[in-house]
Amino acid sequence: MSTDTQTPSYTSKTLSPQVDRIGLILLGIGVVLVIAAFVFEPVRAAFDASILYLFMVSLAVGAIFLIALEYITGAVWSVPMRRVTEFLAGLSPFLILLVIPLFLNLHDVFHWTHQEAVNADPVLQAKTPYLNVSFLTVRTIVFLGIWVLFSMLFIRNSTSQDVTREASLTTKNVRLAAVFLPLFAISITFTAVDWGMSLDPHWFSTIYGVYYFSGTVLAAVSAVTLIVILFHEGGYLPGLRRDHFYSLGALMFAFVNFWAYIAFSQFMLIWYANLPEETFWFMARWENGWQFVSVLLIIAKFGVPYFALLSQESKMNTKRLKIMAVWLLVAHLLDLYWLVMPTHSTGASLSWVELGFPVVGVGMILLLLSWKSKRYNLVPIGDPKLRRGLDFRL
Amino acid sequence: MKKPLYGLTALFDTPDALMHAVEETAKAGYTRYDVHAPYPLHGMDRAMRLKPSPLGYFALVFGLLGAVSAVGLMTWITLVDYPLVIGGKPFWSWPAFVPVAFEITVLLASVLTVVSMIVIYFKFPNNSHPLHDTPFLKRVSSDGFGISIEAVDPLFDEARVRGMLESVGGKDVGPVYFDVEDLNHGQKVFDLKFVGLLAGVGMVVSIITYLGLNVMLYMEPFSWMMEQEKLKPQAASALFSDGIGMRPPVEGTVARGFLPYPYKGRPEDAGKYLVNPLPVTKPVLDLGREKYMTFCSPCHGNFGRGDSRLAGQFPNPPTLHSDKVRDWPDGSIYHVMTDGQNVMPSYAAQVSRDERWAIVHYIRVLQRAHHAKESDLQ
């Protein structure tokens with residue numbers, strides 16, 4: 001536990017051009033598939049587009065949350081890998097691209113945008129002050145604005161610290177984090193309500209925002225863990241030890257449990273009260289094949305990762321962590337599919353339409369990582385906490 | 001008498017200095033030593049070359065014990081001991097068990113792990129330690145970082161340990177002795193003064209809590225169950241013009257289990273149309289026998305022979321084994337019980353409908369017994 005702030009030696013590295021090429025190919029294939037999906041099955045494609053949007057919001061905004069969390073708690077262990085989190089948070093501006101298809105297809109996805117349906121439905125009329133297209137547009141623009149602004153400010157301060165090595169930039173980011181965290185809570189909750197819960201405008205669950213938040217942080221931690229381990233194996237992140245990986249694994253394990261806790265809380269209250277205006281949402285997910293998806297979700301997002309990450313040894317094992325990170329990212333995608341898709345089709349089904357969207361997401365992230373690695377150091381070499389972060393021991 | 005030596009202690013100003021000293025101590029081969037700091041130090045376990053603590057397995061076992069016993073208890077209650085339909089849900093509604101099982105799991109895992117730590121590592125009921133009340137412990141619980149090397153360490157040699165500690169920068173290196181009195185008096189957990197103090201503190205806290213929460217801060221609940229917005233029997237009510245709260249039932253209301261008897265005064269119709277609804281089974285005959293013995297036998301006799309048990313205080317009824325009664329359809333016998341005949345009053349108020357039909361079956365048994373056919377004897 002040395003207190004000197006002397007920075008370790010660092011030689012700047014960029015990712016192999018392979019990443020660039022694979023990213024470009026994936027993005028190309030994905031975009032073609034997505035366009036085909038919108039041409040042949042526009043309604044289903046619109047639902048898939050909202051799944052992709054919610055998934056990418058999870059990664060990008062969850063990453064901003066992790067950065068803010070590091071600053072506000074004064075955490076030391078995560079400093080050597082913060083650049084990876086920052087790269088991921090750099091996705092935020094591209095969320096604007098992903099939200100455009102949603103607005104072009106609002107009518108296909110959201111029942112409450114149909115004026116004749118609202119006119120015939122007193123419940124929807126009562127919700128009109130919140131559920132209307134203009135307010136939705138305003139909310140989405142404000143939230144995207146907040147995310148883009150804060151991700152850029154965090155990243156700008158952090159990267160200029162590489163050059164100036166000023167400790168005051170850390171203080172600035174701490175203050176930013178204090179402002180961002182409540183805004184994050186509000187924006188992520190209402191994003192979940194707007195693009196998830198309002199798919200069934202009659203249904204309501206006050207815990208829905210927390211549910212999405214738990215999955216969001218889990219996905220962001222998993223993505224950071226995956227990229228950190230891949231960078232570590234490629235030799236881009238020197239000095240990481242099992243203590244660091246253990247901490248990432250512990251966060252993953254914590255949020256696996258937190259997600260299960262929230263998911264079960266939501267289910268149990270609705271199951272217990274047994275009110276038809278609430279239970280129909282779960283009934284829709286317990287019929288026509290959706291029950292298998294529901295059970296699979298419980299196993300995939302809680303059962304398997306719980307036991308895989310339970311022991312101390314497993315959280316330090318990079319191979320297992322890497323597998324579990326991929327696993328949990330897929331599980332989060334499944335979770336969003338489970339949240340969104342039953343509104344589109346009463347029977348559970350998987351179609352080729354779904355295929356292109358995750359490919360687009362992966363392609364975007366690879367291109368982003370490659371591009372960011374050319375512009376910035378992969379380690380925040382100017383951070384005064386870096387030395388202590390590298391010396392971190394459990 | 002010379003006090004027995006517990007060990008040597010040394011203080012350090014910074015966690016880093018302590019960490020260095022610990023690394024040196026471990027390198028020198030000492031095993032019986034401990035480290036004291038005001039807060040947990042990351043990396044200390046590795047510097048001390050400690051093996052991973054087995055305490056996690058205790059937590060696992062206790063947690064599983066909690067989960068199994070909670071689910072077992074609730075299963076036993078809801079399935080065996082007191083099955084109760086709650087909200088129309090199945091008796092064994094596992095989602096309702098999850099919060100309880102979770103809480104008990106966490107409770108047992110945490111409490112019993114701490115208890116086993118105290119018992120195994122702190123050797124409860126031993127409650128004294130030579131380091132207690134030393135200036136060394138006062139420092140390391142506020143701003144100092146200390147190490148203590150025990151004299152029982154196989155490599156312990158006072159001069160050498162002192163030299164080693166001083167060479168790594170230890171300050172205030174000094175010996176700590178066992179308290180002779182503590183050693184001679186053994187465990188003091190069950191000391192009268194100590195137990196009395198515990199009991200006294202417990203009582204005072206209970207009384208203060210009770211007075212504070214139940215008397216001083218007492219608040220009326222939103223509603224007592226006994227005070228409800230409803231009319232009690234016999235109470236007056238201003239709602240009705242006659243001022244009476246209790247209302248007669250609506251015209252034509254039939255009470256549960258009290259179907260009106262349609263053949264009043266029409267024994268022929270009763271004999272013609274009524275059919276015994278009960279099957280002839282052992283339980284039905286037992287019921288008929290029980291009711292017959294209670295309500296019929298005082299006049300008709302134990303076997304229906306008309307030999308009253310009341311020894312002539314009432315006019316004896318005729319025997320039930322006459323050809324007339326034996327040829328009656330079931331409905332006629334039922335009608336006599338329900339409507340009465342001659343001096344026999346109606347028993348409809350005392351004997352329920354089903355019980356009367358059971359008695360009819362029993363009377364048939366008595367008749368058969370008195371007029372057994374040749375075939376019955378085989």
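Chain letters run A, B, ... following the sequence lines, proteins first and then strands; every chain starts at 1.
Between Trp271(A) and Lys89(B), the closest side-chain pair of non-hydrogen atoms falls below 4.5 Å.
His42(B) and Arg393(A) get closest at one heavy-atom pair: CB-O, 2.7 Å. Between Met268(A) and Pro95(B), the shortest heavy-atom distance links the atoms SD-O, 3.4 Å.
By the neighbour-count criterion of 12 heavy atoms within 6.0 Å, atom CZ of Phe280(A) is densely surrounded, having more than that number from other residues, nucleotides or ligands. Around atom OH of Tyr261(A), no more than 12 heavy atoms belonging to other residues, nucleotides or ligands sit under 6.0 Å away. At most 12 non-hydrogen atoms from other residues, nucleotides or ligands lie less than 6.0 angstrom from CZ of Phe307(A). The environment of CG in Asn288(A) is crowded: more than 12 heavy-atom neighbours from other residues, nucleotides or ligands sit within 6.0 Å.
Using a 30° and 60° split on the angle between ring planes, Phe267(A) and Trp94(B) fall in the parallel class, below 30°.
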